[in-house]
Protein chains: 2
Amino acid sequence: MTCAINYAPRLRAQGLRITPQRNAILHVLHHSGGHLSPTQVFEQARKEFPGLTEPTVYRTLEDLAEKKFLLAAHVGNGKIVYELAEKQHHHLICHKCGKTVEVDHAPLDLLYHQFESSTGYKLDSSHVTFFGLCPDCQS
Amino acid sequence: MTCAINYAPRLRAQGLRITPQRNAILHVLHHSGGHLSPTQVFEQARKEFPGLTEPTVYRTLEDLAEKKFLLAAHVGNGKIVYELAEKQHHHLICHKCGKTVEVDHAPLDLLYHQFESSTGYKLDSSHVTFFGLCPDCQS
DNA sequence: TTCCTTATTGTAACTTCTTACAATAATAGA
DNA sequence: TCTATTATTGTAAGAAGTTACAATAAGGAA
């Protein structure tokens with residue numbers, strides 16, 4: 001539980017308050033080390049803070065993602081998962097078995113610049129998900 | 001309603017049967033000319049075929065997307081929308097006002113090749129969504 | 001046309017996600 | 001420390017999306 005303390009100053013700097021609910025949610029994401037669905041976060045964080053409710057989880061995940069503490073990644077079929085925003089990366093997902101690979105952001109930089117000059121949009125560095133078939137599923 | 005007839009041979013070629021439910025769904029997507037959420041498809045297609053139910057809509061949309069009749073696009077917050085698969089393109093979405101711009105697939109080709117050789121995945125040309133701020137929301 | 005196979009659908013129950021609003025509690029300032 | 005402000009939370013209800021399985025009907029073959 002102590003780990004979430006580390007986020008406190010950054011949270012406060014963004015105008016977010018420190019609450020046991022947020023601590024529990026950050027704790028879970030910190031220790032899982034991967035992508036979790038809102039439901040998974042809810043189930044696990046409820047062990048840390050039994051009174052936790054669903055709407056709080058959904059709202060907190062959205063808030064933390066908006067403030068760049070978390071990355072929201074869209075995984076096949078409109079599902080969304082969250083993970084701690086550490087280094088900038090993207091995902092390749094096999095649409096057959098679901099296996100996921102992380103890829104670096106660097107190769108996308110040029111592309112982003114092209115899109116920005118052709119559309120006027122300012123792209124943010126949020127998560128992009130690509131779909132395909134993993135080596136095992138290609139046979 | 002006649003428009004859906006055009007899809008009949010292609011549907012049958014893929015082993016899919018022609019049903020009034022599918023006709024209604026294709027009809028709606030054909031005439032809307034844009035992206036529709038499953039709920040929108042459900043509401044509108046029910047006018048064409050009043051007995052239509054939700055699970056049928058969700059299943060049909062998935063099936064048609066899998067067989068490449070439709071494109072499934074992930075729009076902010078895990079929402080999914082469908083549109084007829086005509087030309088290959090992607091979307092830039094403003095995460096403030098939701099305004100959407102289509103961009104060509106061509107600039108992504110090189111990137112896809114890089115990812116394919118570095119990961120062994122075979123990327124399919126499905127829809128990718130980028131997020132950012134549109135010109136109007138940058139101020 | 002009739003029958004057979006099986007893809008497709010509807011039913012019913014459930015899980016996941018969202019919304020509006022009143023109650024609570026974290027923080028800043030006195 | 002106490003108080004006021006207001007971000008955050010829980011409640012309750014509902015909407016959206018999913019699942020398993022039995023009933024139906026589309027399309028091929030007799």
Side-chain angles (χ1 to χ4, degrees), chain A residues 1 4-5 7-28 35-46 48-67 69-70 72-82 98, chain B residues 4-5 7-27 35-46 48-67 69-70 72-82 98:
Chain A
M1 194 53 149
I5 299 294
Y7 297 100
R10 289 176 55 211
L11 284 168
R12 226 178 262 118
Q14 298 267 0
L16 297 176
R17 293 178 179 177
I18 319 293
T19 68
Q21 291 89 339
R22 276 183 185 152
N23 283 341
I25 289 167
L26 283 167
H27 176 80
V28 163
H35 322 101
L36 295 179
S37 69
T39 303
Q40 290 174 310
V41 173
F42 176 56
E43 311 257 289
Q44 294 182 34
R46 203 159 43 161
E48 303 289 328
F49 186 83
L52 190 64
T53 62
E54 276 183 306
T56 298
V57 172
Y58 285 95
R59 275 178 307 218
T60 301
L61 291 172
E62 273 176 36
D63 292 347
L64 293 176
E66 191 187 351
K67 293 284 167 52
F69 287 88
L70 304 180
H74 302 283
V75 185
N77 278 335
K79 299 295 186 189
I80 198 169
V81 295
Y82 291 89
Chain B
I5 298 294
Y7 297 101
R10 288 176 56 208
L11 285 167
R12 226 177 262 121
Q14 298 266 1
L16 296 177
R17 293 179 178 174
I18 319 292
T19 67
Q21 291 90 340
R22 276 183 185 152
N23 282 341
I25 290 167
L26 283 167
H27 175 80
H35 322 99
L36 294 180
S37 70
T39 304
Q40 290 173 310
V41 173
F42 176 56
E43 310 256 288
Q44 294 182 33
R46 201 156 47 159
E48 304 287 328
F49 185 82
L52 191 65
T53 63
E54 274 183 308
T56 298
V57 172
Y58 285 95
R59 275 180 307 220
T60 301
L61 291 172
E62 272 176 36
D63 293 346
L64 293 177
E66 192 187 348
K67 293 286 167 50
F69 287 88
L70 305 181
H74 301 284
V75 185
N77 277 336
K79 299 296 186 188
I80 198 169
V81 296
Y82 291 90

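Within every chain, numbering begins at 1; the chains are lettered A, B, ... in the order of the sequence lines, protein sequences first and strands thereafter. Owing to the predicted nature of the structure, the values given are computational and were not obtained by experimental measurement.
- For A:T19 and D:dT9, the shortest distance from a side-chain N or O to OP1 or OP2 is below 4.0 Å.
- Where A:P55 and B:L16 each meet DNA chain D at their nearest nucleotide, the meeting point lying more 5' is that of A:P55.
- For the OP1/OP2 pair of D:dT8 and a distance below 4.0 Å, the side-chain nitrogens and oxygens of A:T53 include no atom meeting the criterion.
- Remark: A:Y58 is in phosphate contact with C:dC17, judged by side-chain N or O atoms under 4.0 Å from OP1 or OP2.
- When distances are taken from the side chain of A:R17 to each of C:dT6, C:dT27, D:dG17, the shortest belongs to C:dT27.
- Using a 4.0 Å heavy-atom distance criterion, A:T60 is classed as a sugar-phosphate-only contact.
- When the options B:I80, B:D63, B:T39 are evaluated for a side chain to side chain contact (heavy atoms under 4.5 Å, CB included) with B:Y58, the one that passes is B:T39.
- OP1 or OP2 of C:dT8 sits under 4.0 Å from a side-chain N or O of B:R22.
- Which of C:dA26, D:dT19, C:dT18 sits closest to the side chain of A:P20 comes down to C:dA26.
- When distances run from any side-chain atom of B:R59 to the nucleotides C:dT27, D:dG17, D:dC21, the shortest one goes to D:dC21.
- The interatomic distance linking A:E66 (CD) with D:dA7 (P) rounds to 14 Å, in whole Å.
- Taking atom CD of A:Q14 as the reference point, atom C1' of C:dT27 lies 17 Å away to the nearest angstrom.
- Counting only heavy atoms from C-beta outward, the side chains of B:L11 and B:F69 approach each other to under 4.5 Å.
- Between B:E62 atom CD and D:dT18 atom C1' the separation is 9 Å, expressed in whole Å.
- Taking atom CZ of B:R12 as the reference point, atom C1' of C:dT8 lies 15 Å away to the nearest angstrom.
- Taking atom NZ on A:K79 and atom P on D:dA16, their separation rounds to 15 Å, with Å as the unit.
- Listed pair B:T39 / D:dG17 meets the phosphate criterion, a side-chain N or O lying under 4.0 Å from OP1 or OP2.
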### Task
Could you walk me through whether A:R12 and A:Y7 pass the side chain to side chain contact (heavy atoms under 4.5 Å, CB included) test, one step at a time?
CA-CA 9 Å; A:R12 226 178 262 118; A:Y7 297 100; over 6 Å; no
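- For the pair A:E62/A:Y82, a side-chain contact is recorded, criterion being any heavy-atom separation below 4.5 Å from C-beta on.
- Checking D:dT6, C:dT8, C:dC17 against the side-chain heavy atoms of A:E54 singles out C:dC17 as nearest.
- Screening B:T53, B:L52, B:V57, B:L26 for a side chain to side chain contact (heavy atoms under 4.5 Å, CB included) involving B:Q21 leaves a single residue, B:L52.
- At whole-Å resolution of the value, CZ in B:F42 and C1' in D:dA16 are 11 Å apart.
- Whole-Å rounding puts the A:F49 CZ to C:dT24 P distance at 14 Å.
- Between the B:T60 side chain and the B:T56 main chain, a donor and an acceptor come within less than 3.5 Å of each other.
- In this entry the distance linking NZ of A:K67 with C1' of D:dT8 reads 12 Å, nearest Å.
- Proximity of B:T56 to the phosphate of C:dG10: a side-chain N or O atom is located under 4.0 Å from OP1 or OP2.
- At least one side-chain nitrogen or oxygen of B:Q21 sits closer than 4.0 Å to the OP1 or OP2 atom of C:dG10.
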